[in-house]
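For reference, the structure is listed below as structure tokens.
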There are 2 protein chains.
Amino acid sequence: MPSHTPLVTRATDAARSAAPGLAALTPAERGTLLRALSDVLRENTDDLVALADEETHLGDPRLRGEVLRTRAQLEMFAEIAEEGAHFDVMIDRADAAAVPAPRPDVRRMLVPLGPVAVFTASNFPFAFSVLGGDTASALAAGCPVVVKAHEGHPRLTDLTAALAAEVLPPGALRVVHGRDAGRALVTDPAVQAVGFTGSTTGGRALFDLACGRPDPIPFYGELGSLNPVVVTPAALAARGPALVNEYVASVTRSQGQLCTKPGLLFLPDGHGLGELLGLAVGAAVPAPLLGPWIGDTYRATLDELAAHPTVHRLAPAPADTGRAATPADSPSATLLTVTAHDLRTHPELLRECFGPASVVVTYISTEDLLATLRELPGSLTASVHGQEGDGELSRRIWSSLRAGRLIWNDWPTGVAVTRAMHHGGPWPATTSPLHTSVGSTAVARWLRPVAYQNMPEALLPAPLRTANPWRVPQRTGR
Amino acid sequence: MPSHTPLVTRATDAARSAAPGLAALTPAERGTLLRALSDVLRENTDDLVALADEETHLGDPRLRGEVLRTRAQLEMFAEIAEEGAHFDVMIDRADAAAVPAPRPDVRRMLVPLGPVAVFTASNFPFAFSVLGGDTASALAAGCPVVVKAHEGHPRLTDLTAALAAEVLPPGALRVVHGRDAGRALVTDPAVQAVGFTGSTTGGRALFDLACGRPDPIPFYGELGSLNPVVVTPAALAARGPALVNEYVASVTRSQGQLCTKPGLLFLPDGHGLGELLGLAVGAAVPAPLLGPWIGDTYRATLDELAAHPTVHRLAPAPADTGRAATPADSPSATLLTVTAHDLRTHPELLRECFGPASVVVTYISTEDLLATLRELPGSLTASVHGQEGDGELSRRIWSSLRAGRLIWNDWPTGVAVTRAMHHGGPWPATTSPLHTSVGSTAVARWLRPVAYQNMPEALLPAPLRTANPWRVPQRTGR
């Protein structure tokens, strides 16, 4: 059980007090609030990026891009709140002739769940942090947020929250620090749902706490993924060398610290790309990892995978490892290799290695490939690089695995912030395959339906009124 | 751990084999299949109702009405499958000018989760059983179903399943019997989600099994509810006697064996309706309960509530209980009474008593009423009987509690089978406040999103194609 955590109780009490006011905001008011948060990020970009770089080592260009992305997210959810589509209004008029019984007037809309907890990620100090997609979508839904800060960027978290507090109603957004506080948050009676981005181990432990409450609550955990990428024989023949460079760029982007990093590249056996892969890896510039909690796990996982009797080091080549050595906190990229047969017969190899490493898996036939794909755990993404004529093969590949995003001739890293984006997938990619933490439907995680029966116009909430004062989309049933 | 259950494995293997075929059906084909199930019920109504009455004692008129309702449900989900709105298609075209980065073409739709398990209810041998709403919505989604039969109507379950098998693809619908089989089903690796209607105890045990799997799966449990009904002082003055008769009719409908039965009626103190309540209860005709598993729990719960020092028996009056005695399997209706203050200070009284009993709660002021409503657990429904001028009071009542359906001047029993209906609510009404087991959105429980990135038209599933061959609703983002 969590230890005594008065700061958590103060935060959730404040959130509970703020909930009715946030829920009552008009669509325009919610939009204004989210746009104000985007403005806060714009006005303070220099200070925020400087502090973020100190704490995360992700570098100025990446961090400035991430601020832009985070602002785009806030503005997308502002638009969604303003349009009111998230109310998901459905209206059935009374029908005295209905079978098997006369029907009353029934109108349904979504209402906020109440205070929610958001556990932020280390690898996106803006886009999946205090004002990231979880917070933006929860505020769009009308839910107060208590953020569990990631220990990787505590000062940035506090600065962002302090700036946000200047434009938010009291209690709408609070921050707590520390693992005990995180556990206390998940079991706090005021908290009605949890968003989490992080490791499988940490996410599963908190998921179990959420499910084990006397009153279980939804837990939306994004836990990471192997993100298989398949190169077809035709694509290998047509553009193998180009794919090598794209692959290594995707693996080393943000030092491999992305949950969409391609962890497995399936190449036809005898691909002949070993030397090019080695050159590409050698050309990649090492950079510091986010912190020791990443580095320690990264090296331990990589060492275990590399020591497996079926696994070989592909790049840097074993002879080069001395030369290519870099400081412990700035590891150079590493590629391992294994056959498809060995991968599917050794499930202990099916582990995410968070950092600049990936495994090249060689397959000898379509059946060998598909048999291995069928053994993969659920992923956030699954990609195919193919040529015209690979349509049937691609369909067989995608139907052999389970993933939240299927990609053709493109790479999984660099998740587009767009309404239709789905960032989720079957376990262990997430704890909730129905939901996404990116894209417009992320707001649905924080809402529950309520039906209003036989209600006069004056008693109906604004979105359900026939007069439709907020001009929200209303579907009418039959 | 579940004991050896080869029948479960045979059923889930068959479901796994059937899944790709069901998922590939066109909207028209899914509609045809669901309409064929409605036809099966129509053609065999006499046989089915006769068997159902033997096993449930619910009576011919109610059971024929329930068959009509179940057919209406199947036909509603046929329409939904045919329209294709459940694919929830969203399309974002590529945008080279997007901030912070160019965007690829991203198209999102919902796909079936795979085989699902459905635990049927004792009190609706058609509408929440083999071909009930859970099965109809899962088949509309494209998911095979393995039904855990309720022990209350095993022969009806087998007959219905046998008739359905004549029109369904092999493996699309199987039935298993027994508690061990139920537990094995929830932990079977093939099963991807569970629908459940039943008791809080049974539902919670299975929910814990689903969450505790190595790969947790969604569990949609509808567990019952207290369904508070508030009569305002103005409504009492205007139509107290009429409300008495409506209330007792709602409490005794189907012998009180409805999860929407009003378990708590809040009346102003000094309501003066005691005698009328006694007469109405005395006039209600006792009928057999569904079976001993209901009767035993009903009597035990009622006895415990009635023995509580703060609770008094209102009807039949204590002196009449001898005269009003009915056979043990056909209990007469019983009303208890307690003050609002005592109810909120004795949470052990906040228990559903499944059967023909209800508690009249007297309140002395608006504050007394609201303070008590704030202590109620989540409910499926919450009703207010009021007059013009009670608008502000009603809003305060509804904002003091949490329920899935809010009702004005109507009763919670007799759930309308309509698209906008929400049959759900916060814990302990259900295990998943975001979802419903009645209404068009029930289908969403069995679907998960998939995004398709940078996909040529030929590789896209039909609902996502620009040519839109199935003519499904497509939303285009900005």
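Chain letters run A, B, ... following the sequence lines, proteins first, then strands; residues in each count from 1. Side chains are part of it too, since the values below use all heavy atoms of this structure and drop only hydrogens, waters and symmetry mates.
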Within the supplied structure, the quantity of interest is the number of heavy atoms (other residues, nucleotides, ligands) at a distance under 6.0 Å from R42(A) CZ; does it exceed 12? yes
E457(B), CD: over 12 other non-hydrogen atoms inside 6.0 angstrom: yes
Minimum heavy-atom separation for [X] and [Y], please, with both atom names.
{"X": "P456(A)", "Y": "W408(B)", "value": "CD-CD1, 3.2 Å"}
{"X": "C211(B)", "Y": "D208(A)", "value": "O-OD1, 4.3 Å"}
{"X": "A420(A)", "Y": "A451(B)", "value": "O-CB, 4.2 Å"}

Could you look at [X] and say if it's the side chain, the backbone, both or neither that has a heavy atom under 4.5 Å from chain A?
{"X": "T431(B)", "result": "neither"}
{"X": "W398(B)", "result": "side chain"}
{"X": "V417(B)", "result": "backbone"}
{"X": "F219(B)", "result": "neither"}
{"X": "A101(B)", "result": "neither"}
{"X": "Q192(B)", "result": "side chain"}

Between R395(B) (side chain) and L459(A) (backbone), is there a donor-acceptor pair under 3.5 Å? no
Check: D215(B) side chain, W427(A) main-chain N or O, donor-acceptor pair, under 3.5 Å: no
What part of [X] gets within 4.5 angstrom of chain B, counting heavy atoms only: side chain, backbone, both, or neither?
{"X": "S399(A)", "result": "neither"}
{"X": "A403(A)", "result": "backbone"}
{"X": "W446(A)", "result": "neither"}

Option in V67(A), L434(A), L68(A), V450(A) with maximal non-hydrogen atom pairs under 4.5 Å from chain B: L434(A)
Max heavy-atom pair count under 4.5 Å with chain A, selected residue of [options]:
{"options": "E392(B), R71(B), R213(B), H423(B)", "result": "R213(B)"}
{"options": "P412(B), A23(B), P214(B)", "result": "P214(B)"}
{"options": "R107(B), M90(B), M76(B)", "result": "M90(B)"}
{"options": "H435(B), R405(B), R445(B)", "result": "R405(B)"}
{"options": "A416(B), G404(B), P428(B)", "result": "G404(B)"}

Are [X] and [Y] side-chain neighbours, meaning at least one heavy-atom pair lies under 4.5 Å?
{"X": "T441(A)", "Y": "P449(B)", "answer": "no"}
{"X": "R448(A)", "Y": "R402(B)", "answer": "yes"}
{"X": "P216(A)", "Y": "R204(B)", "answer": "yes"}
{"X": "Q453(A)", "Y": "T381(B)", "answer": "no"}
{"X": "T436(B)", "Y": "R108(A)", "answer": "no"}

For the atom pair CZ (R475(B)) and OG (S440(A)), what is the distance rounded to the nearest 0.5 Å? 6.5 Å
For the side chain to side chain contact (heavy atoms under 4.5 Å, CB included) test, which of D410(B), T418(B), N409(B) pairs with P104(A)? D410(B)
